[in-house]
Amino acid sequence: MELNVTTLEGKAAGSVNLSDEIFGLEPRKDIIQRVVNWQLAKRQAGTHKAKGRAEVWRTGKKMYKQKGTGGARHGSARVPQFRGGGRAFGPVVRSHAHDLPKKVRALGLRHALSAKAKDGGLVVIDNAELKDAKTKALIAHFSGLGLTSALIVDGAEVNNGFAQAARNIPHIDVLPIQGINVYDILRRQKLVLTKAAVDALEARFK
């Protein structure tokens with residue numbers, strides 16, 4: 001697959017050949033969904049907690065005698081039936097994370113990249129460098145490229161000026177190649193890769 005390369009200023013900078021093994025697959029939604037669910041489950045805090053009947057500070061004395069009241073039989077006031085009692089089967093502190101094989105994770109990333117390439121949401125630029133960390137200048141560059149919602153992925157290190165200028169722009173994310181993931185790719189309309197990012201991806205999957 002051949003894709004045109006552009007600069008931040010919108011000028012042509014040649015072309016690049018993308019591997020069909022990474023960018024040319026027929027996207028499978030089931031694999032992508034598995035990876036997204038795995039990512040979102042792993043980042044859940046799991047700190048929700050409700051007190052059970054053993055944790056409620058309340059007397060355990062029998063409320064009233066067993067017989068002769070005409071009412072139901074009751075013992076402790078800590079039971080869930082009463083106001084102020086513990087909750088039955090309430091949430092507890094736990095981890096929501098579950099396992100997913102590394103091969104499935106890698107395959108999910110390739111299918112996410114292929115989905116962007118197929119939908120026309122993939123843009124390749126020669127580099128993501130900005131001498132002065134000026135948000136206004138970077139917004140002008142993005143407007144020229146038609147980027148309003150994008151994930152920009154650079155090489156092993158992100159240019160400091162570029163990252164500082166982009167951090168205040170809404171719906172724009174900047175990541176090094178080590179941080180590329182399926183969820184962030186799908187949540188933005190465009191995926192912008194630098195040449196260094198493309199080379200790193202091809203080296204990773206070959």
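Numbers here simply count residues along the sequence, with the first being 1.
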Legend entry - Closest approach of A165 to A133 (non-hydrogen atoms, all atoms of both residues): CB-C, 4.0 Å
Legend entry - CD/Q44: more than 12 non-hydrogen atoms of other groups inside 6.0 Å: yes
Inset, instruction - Calculate, to the nearest 0.5 Å, the distance between atoms CD1 and CG belonging to I32 and N37 respectively. - result: 12.0 Å
Inset, instruction - Look only at the side chain of S114 and the backbone of I22, and say whether a donor-acceptor pair between them is shorter than 3.5 Å. - result: yes
Inset, instruction - Output yes when a side-chain donor or acceptor of R78 lies under 3.5 Å from a complementary backbone atom of W57, and no otherwise. - result: no
Inset, instruction - Find the distance between CZ (R94) and NE2 (H96) and round it off to the nearest 0.5 Å. - result: 4.0 Å
Inset, instruction - For the pair K190 (side chain) and G120 (backbone), establish whether a donor and an acceptor sit closer than 3.5 Å, ignoring hydrogens and angles. - result: yes
Legend entry - CD1 on I31 to CG on L109, rounded to 0.5 Å: 12.0 Å
Legend entry - Separation of L8 CG from D126 CG (nearest 0.5 Å): 7.0 Å
Inset, instruction - Decide whether L25 and V35 are clustered together by the hydrophobic rule: side chain heavy atoms of Ile, Leu, Val, Met, Phe, Trp, Tyr closer than 4.5 Å, transitively. - result: no
Legend entry - Side chain R58, main chain A77, donor-acceptor under 3.5 Å: yes
Inset, instruction - Could you tell me whether the side chain of D154 and the main chain of P176 form a donor-acceptor pair under 3.5 Å? - result: no
Inset, instruction - Determine, using the 4.5 Å side-chain heavy-atom cutoff (strictly less than), whether F23 and L186 are members of one ILVMFWY cluster. - result: yes
Inset, instruction - Give a yes or no on whether the backbone of A117 and the side-chain of D119 come within a donor-acceptor separation of less than 3.5 Å. - result: no
Legend entry - Any side-chain heavy-atom pair of L3 and L122 under 4.5 Å: yes
Legend entry - Pair K103-L107, side-chain contact (heavy atoms from CB on, under 4.5 Å): steps then yes or no: CA-CA 6 Å; K103 289 185 178 180; L107 188 60; over 6 Å; no
Inset, instruction - Provide the full list of salt bridge (charged side-chain N to carboxylate O under 4.0 Å, His left out) pairs with a residue in residues 19-28, sequence neighbours left out, each pair given once. - result: E26-K118, R28-D30
Legend entry - From CA spacing to verdict: side-chain contact (heavy atoms from CB on, under 4.5 Å), L193, V123: CA-CA 6 Å; L193 300 176; V123 179; over 6 Å; no
Legend entry - Heavy atoms of other groups near K51 NZ, more than 12 under 6.0 Å: no
Inset, instruction - State whether E55 and R87 are salt-bridged, where the test is any N-O pair (Lys NZ or Arg NE/NH1/NH2 against Asp/Glu carboxylate O) under 4.0 Å. - result: no
Inset, instruction - Taking all non-hydrogen atoms of both residues into account, name the closest pair between A13 and T7 and its distance. - result: CB-CG2, 3.9 Å
Inset, instruction - Please indicate whether K62 has more than 12 foreign heavy atoms, meaning atoms of other residues, nucleotides or ligands, lying under 6.0 Å from its NZ. - result: yes
Legend entry - Check against side chain to side chain donor-acceptor pair (under 3.5 Å), E2 and S15: CA-CA 7 Å; E2 188 171 349; S15 61; 3.0 Å; yes
Inset, instruction - Using modelled atom types only, decide if a donor and an acceptor are shared between the side chain of W38 and the backbone of H98 within a distance under 3.5 Å. - result: yes
Legend entry - K11 backbone acceptor or donor facing T6 side chain under 3.5 Å: yes
Legend entry - side-chain contact (heavy atoms from CB on, under 4.5 Å) between I185 and K116, intermediate numbers included: CA-CA 8 Å; I185 290 174; K116 281 296 178 186; 3.7 Å; yes
Inset, instruction - Count the heavy atoms belonging to other residues, nucleotides or ligands that lie under 6.0 Å from CZ of R73, then report whether that count exceeds 12. - result: no
Inset, instruction - Kindly indicate, with the supporting measurements, whether the criterion side-chain contact (heavy atoms from CB on, under 4.5 Å) is fulfilled by T148 and Q189. - result: CA-CA 8 Å; T148 55; Q189 292 178 358; 4.0 Å; yes
Inset, instruction - Compare every heavy atom of P27 with every heavy atom of A115, then report the nearest pair and how far apart it is. - result: CA-CG, 3.6 Å
Inset, instruction - Kindly check if the number of other-residue, nucleotide or ligand heavy atoms within 6.0 Å of CZ (R105) is above 12? - result: yes
Legend entry - In one Ile/Leu/Val/Met/Phe/Trp/Tyr side-chain cluster, 4.5 Å: I180, I152: no
Inset, instruction - Identify the heavy atoms of R204 and I177 that sit nearest to each other, and give their distance. - result: NH1-O, 4.5 Å
Inset, instruction - Report yes or no: do L130 and V153 belong to one cluster of Ile/Leu/Val/Met/Phe/Trp/Tyr joined by side chain heavy-atom distances under 4.5 Å? - result: no
Legend entry - Non-hydrogen side-chain atoms of T135 and I139 separated by less than 4.5 Å: yes
Inset, instruction - State whether the side chain of S149 and the backbone N or O of R188 hold a donor-acceptor pair below 3.5 Å, judged by distance alone. - result: no
Inset, instruction - Could you tell me the separation between the OH atom of Y183 and the CG atom of L151, rounded to the nearest 0.5 Å? - result: 12.5 Å
Inset, instruction - Measure the spacing between CD of E129 and CG of N127 and express it to the nearest 0.5 Å. - result: 4.5 Å
Inset, instruction - Search all heavy atoms of A128 against all heavy atoms of I125 and return the closest pair with its distance. - result: CB-CD1, 4.1 Å
Inset, instruction - Return yes when atom NE2 of H171 has more than 12 non-hydrogen atoms of other residues, nucleotides or ligands closer than 6.0 Å, and no otherwise. - result: no
Inset, instruction - Report whether L113 and V182 are members of the same hydrophobic cluster (ILVMFWY, side-chain heavy atoms less than 4.5 Å apart, transitive linking). - result: yes
Legend entry - Shortest non-hydrogen contact from P101 toward R34: CD-NH2, 4.3 Å
Legend entry - S19 vs K206 side-chain heavy atoms within contact, under 4.5 Å: yes
